[in-house]
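Everything below concerns the one structure shown next.
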Amino acid sequence: MLHHIRILTALAVLVAGLIPAQAVESVRVPLDAQAIDLTKMIDGYHSEGDRLLVSTAPGSDGIVRRIEVRAREEGTRPSWIVFALTNDTSEQIERLIVAPHFRLVGSGVIWPDLGASRISAITASQGFPPEREESADADVFRLTLDPGTTVTYVGELRTPNLPQLYLWEPDAYKDKITSLALYKGIVIGVAGLLALFLTIVFVVRGAVIFPAAAALAWTVLAYVCIDFGFWGKLFGIEGQSDRIWRAGAEAILAATLVVFLFAYLNLSRWHVRASHVAAAWLIFLAALVGLAVYDAPVAAGVARISLATIAAVGFVLILYLAIHGYDRAVMLIPAWFLLLVWIIGAAFAVTGALTNDLVSPALIGGLVLIVMLIGFTIMQNAFVGGGLGQAVVSDTDRKALALTGSGDIIFDWDVAADRVFVSPEVETQLGLPAGALEGPAAAWLDVLHPLERERFRACLDTMLEQRRGRINQDFRLRAADGQHVWFRLKARPVVSTDNEVIRIVGSLSDVTEAKTSEERLLHDAVHDNLTGLPNRELFLDRLEAALTLAQTDAGIRPTVVSIDVDRFKQVNEAVGLSAGDSILLTLARRLSRILKPQDTLARLSADEFAAVIISESETEQITALANVVRRVASTPVTFGDREIPMTASIGLSLYDPQLHAKNEDMLKDAEIAMRHGKRLGGNRIEVFRASMRTLRTDRFGLAADLRRALDRNEIKMFFQPIVRLEDRTVAGFEALPRWDHPRLGRLASNEFRQIAEESGAIVDLGVFALERAARELSAWQRALDVDPPIFASVNISSRHLLRHDLLHDVKAALSRAGVAHASLKLEFTESLVMENPEFAAQILTRLRELGAGLWLDDFGAGYSSLAYLQRFPFDAIKIDRSFVRHSRTGARPVILRSLVALAHDLGMEVVAKGAESESDAIELYQLGCEYAEGFAFGQPLSAIDARKLVGAATIAA
């Protein structure tokens with residue numbers, strides 16, 4: 001029965017005129033791919049009717065569907081292409097499908113493809129329909145791929161051939177078109193100037209080689225304009241007419257080469273048969289031009305073969321004549337050899353051996369350069385032995401010609417008459433009236449820059465006194481608009497027979513551009529190119545000057561401030577490099593406004609700034625200034641229609657003559673303090689302490705100490721109270737490890753967490769925190785029987801999450817402690833779960849089944865996807881303290897309210913971090929936060945103090 005159904009289905013398809021197409025293989029479209037060549041990834045079909053039945057590529061659900069596509073005109077039998085694209089990212093992607101009308105590459109020799117409109121329409125199996133965009137030389141369609149979709153596209157072709165099909169990123173395609181248009185304009189301009197120049201030479205000198213060369217140059221210009229599409233834009237040529245013009249241009253190019261070779265080598269004098277052969281060949285090529293009107297591909301194919309034949313035969317002929325001592329042939333060998341190489345390269349291109357998109361523009365540019373070389377060859381041949389080679393001018397005339405050719409301005413001071421003469425060009429350039437610079441030399445002082453008047457007067461006076469020497473000085477002259485223009489004066493005295501200076505003559509040349517370039521080079525050598533701030537070299541120089549001044553003046557105590565933007569790499573990845581540059585420029589301007597003129601702000605590296613503060617000397621004033629810097633650096637930056645949150649880590653290095661003998665030492669100390677603040681979570685101000693150097697340089701020793709810290713009972717657990725805002729009762733605690741180092745004292749978790757991550761001790765530390773937190777939680781719950789029960793939260797590291805032992809560790813801690821269901825909260829940072837969202841979702845689900853509570857930490861500080869956030873089984877989210885701080889300053893209540901509303905909509909509770917005052921607690925409660933933690937409710941407590949707080953002091957551990 002099933003077999004019969006299949007037969008009936010096939011018959012129904014044939015009766016309906018449908019051509020079934022097999023399912024295609026989908027092409028993945030990455031976000032960072034600028035262009036994808038789809039030419040070899042498409043399936044082509046030639047239908048017998050006006051419809052096509054297509055099996056789509058499997059979607060994300062693995063189902064293959066079938067769609068029917070109809071031709072734009074009923075009754076036609078077009079060719080079709082089918083391809084599929086997959087967007088497996090979480091962002092919507094826009095791309096351009098580009099099918100060029102003409103490609104020299106792979107066009108063929110016999111019956112070549114001379115171009116045509118390729119695609120009539122493209123139909124999508126789902127989503128947005130492709131939109132055609134206007135383009136003169138290609139069929140361009142804009143596609144939109146939704147996240148996680150696979151779309152099958154069916155294209156109806158106008159011609160059976162589709163030489164190329166590319167998937168372009170829109171901005172990349174625009175950049176390509178723009179750069180290619182610039183290149184085309186340059187090539188067309190060079191070809192046009194070359195043709196015009198050879199035509200002018202032909203008019204001036206009537207030798208027969210000049211009209212032949214001019215005809216070749218004009219033909220190449222016409223061919224370039226046709227190939228680059230300029231001809232079509234100028235005269236509205238398109239479709240079939242463009243193919244005729246292209247074929248005709250190739251035939252005429254071959255004909256002009258024959259004419260040029262015949263005229264240049266003067267073949268008529270060698271043998272009468274040469275004229276007959278050339279005439280027959282030209283008649284044949286003229287016939288090809290006529291044939292192009294009726295059958296352009298045939299005419300173009302014959303013209304290409306003829307062009308290759310002319311190049312080969314001509315090269316053999318040139319070599320033969322060169323061997324026999326014909327000078328013209330010898331001079332033409334380099335140009336014709338390059339032409340032969342060009343023909344070979346073109347042959348590889350049209351046959352498909354070379355497929356790069358740059359081949360065609362390079363061949364066109366190479367043809368123009370070859371014609372230029374031919375033009376230089378005939379110019380050298382035509383003018384050799386001419387009048388310019390004879391000594392018919394005097395030495396004075398040569399100097400006058402040389403001065404005119406150099407473009408310099410004449411300067412002549414008649415000392416006896418005290419009258420200066422300069423060429424009128426300088427007055428025109430300065431916008432001064434005619435004759436304004438002619439007169440006494442003292443009158444020049446009014447137009448000279450005030451700083452250079454004395455030097456100008458001293459140069460002239462010295463030359464008058466010494467009666468010898470040369471002037472080679474740069475001066476600035478004031479223009480009519482008040483601007484100053486740099487000129488270089490080169491002059492020497494003219495001494496009379498009685499040894500008196502009668503004239504000072506020389507030249508003025510405009511050196512403004514050179515001076516501007518010099519000043520820019522000097523500026524760029526010690527300044528940052530993006531912000532214009534001093535760079536590291538200039539910063540260290542000014543710091544050295546400040547330290548030197550501090551040694552002589554006790555009232556000056558310089559301070560170095562190191563400022564580094566937190567998570568700037570993630571910001572660049574999220575918003576792009578251009579937006580990142582704008583953020584740095586905005587931050588530089590903000591910091592410059594709060595510093596005083598005697599202070600120095602510099603940009604040391606990508607996102608690191610530094611400042612030398614000498615305007616303040618008291619520690620309290622410097623601390624207040626550092627707080628202002630932190631507030632400024634933490635103010636969000638608006639780029640386009642989005643607001644980007646910002647924080648910065650700040651390190652201070654206070655002046656100490658014993659520690660800071662060198663400027664590098666003071667800067668390094670500030671950077672050490674800044675990095676110390678980064679390790680503590682960022683968005684902090686840290687003042688350098690001598691112990692920080694030890695902590696920085698002894699990382700290997702600390703790693704070894706940390707491995708033994710658990711065995712030596714050096715790791716203690718402290719507990720930060722988490723308060724229920726509704727009744728201000730302690731709802732739970734966050735477990736925070738502290739390391740009582742025997743040499744460095746008590747270290748917070750942020751100070752050794754990175755070392756623990758690098759050494760692998762973070763897993764043992766996480767297991768220790770789980771067990772201690774569960775044991776303390778059990779004691780609290782036995783002492784305090786409330787509903788809901790008191791809870792404890794523990795941070796989970798990335799290494800611990802990736803280990804399968806995490807489930808076993810949590811299960812063991814819960815079973816041994818016997819705590820209430822979901823009262824032991826496991827905190828995962830937003831960036832941690834987004835590293836591998838699929839794996840994280842599975843682990844989180846299994847942890848919840850074991851009876852653990854799940855919290856999302858630092859919510860809002862990263863750039864996660866809300867689509868994934870809905871899939872994670874979190875009970876609550878902890879809002880990053882930066883939003884609470886911005887809310888406290890009145891800058892961010894809207895965003896904080898939105899985050900709270902979003903969490904509630906997802907069925908989660910909200911814990912706000914960073915509550916530092918009673919007003920913070922009131923505002924957070926009004927915004928809907930259930931819980932809050934921060935210094936407003938106390939410092940982290942030891943295990944004993946935490947038990948006392950909940951009334952569990954008498955319970956045994």
Side-chain angles (χ1 to χ4, degrees), residues 102-109 112 114-115 137 180-199 209 212-232 242 245-261 263-264 285 288-289 300-315 318 332-351 353-354 356-379:
F102 172 74
R103 290 187 80 233
L104 180 65
V105 175
S107 60
V109 178
L114 298 180
D137 53 1
L180 193 57
L182 177 61
Y183 172 77
K184 290 178 180 179
I186 294 173
V187 173
I188 291 175
V190 172
L193 289 175
L194 179 61
L196 185 61
F197 173 75
L198 291 177
T199 303
I209 59 175
L216 177 61
W218 283 108
T219 303
V220 169
L221 175 61
Y223 181 79
V224 170
C225 290
I226 293 172
D227 193 84
F228 285 169
F230 181 79
W231 212 256
D242 186 66
W245 281 98
R246 194 181 304 278
E250 292 181 359
I252 296 174
L253 180 60
T256 52
L257 271 177
V258 172
V259 173
F260 169 76
L261 192 64
Y264 181 83
L285 293 175
L288 280 184
V289 176
V302 177
R304 292 181 178 184
I305 296 174
S306 178
L307 192 62
T309 304
I310 294 169
V313 172
F315 189 67
I318 292 170
L332 191 60
I333 287 177
W336 207 266
F337 174 76
L338 291 179
L339 176 63
L340 188 61
V341 173
W342 184 89
I343 292 293
I344 295 173
F348 280 124
V350 299
T351 56
L354 296 176
N356 195 291
D357 285 341
L358 297 178
V359 172
S360 180
L363 286 174
I364 298 301
L367 181 60
V368 173
L369 293 179
I370 290 172
V371 175
M372 183 182 296
L373 181 58
I374 290 175
F376 290 155
T377 302
I378 64 171
M379 290 292 294

**Message:** Once side chain to side chain donor-acceptor pair (under 3.5 Å) is applied, do any residues pair with Ser306, and if so which ones, sequence neighbours excluded?
**Reply:** Trp281
**Prompt:** What distance do Leu257 atom CG and Ile310 atom CD1 have between them, rounded to the nearest 0.5 Å?
**Reply:** 6.0 Å
**Message:** Nearest 0.5 angstrom please: Leu307 CG to Ile343 CD1, how far?
**Reply:** 4.0 Å
**Prompt:** Can you list the residues that meet the side-chain contact (heavy atoms from CB on, under 4.5 Å) rule with Pro334, with sequence neighbours excluded?
**Reply:** none
Could you go through residues 335-342 and list every donor-acceptor pair under 3.5 Å that involves a side-chain atom there, pairing it with any protein atom two or more places apart or in another chain?
from, atom 1, to, atom 2, distance (Å)
Trp336, NE1, Ala311, O, 3.0
Trp342, NE1, Leu363, O, 2.6

**Request:** Applying side chain to side chain contact (heavy atoms under 4.5 Å, CB included), run through Ile370 and Ile374 and close with a yes or a no.
**Result:** CA-CA 6 Å; Ile370 290 172; Ile374 290 175; 4.2 Å; yes
**Asked** Does Leu193 have any side-chain contact (heavy atoms from CB on, under 4.5 Å) partners at least two apart in sequence or in another chain, and if so, which?
**Response** none
**Message:** When you compare the side chain of Thr309 with that of Ile305, does any pair of heavy atoms fall below 4.5 Å?
**Reply:** yes
**Prompt:** When rounded to the nearest 0.5 angstrom, what distance separates CH2 in Trp218 from CG in Leu196?
**Reply:** 6.0 Å
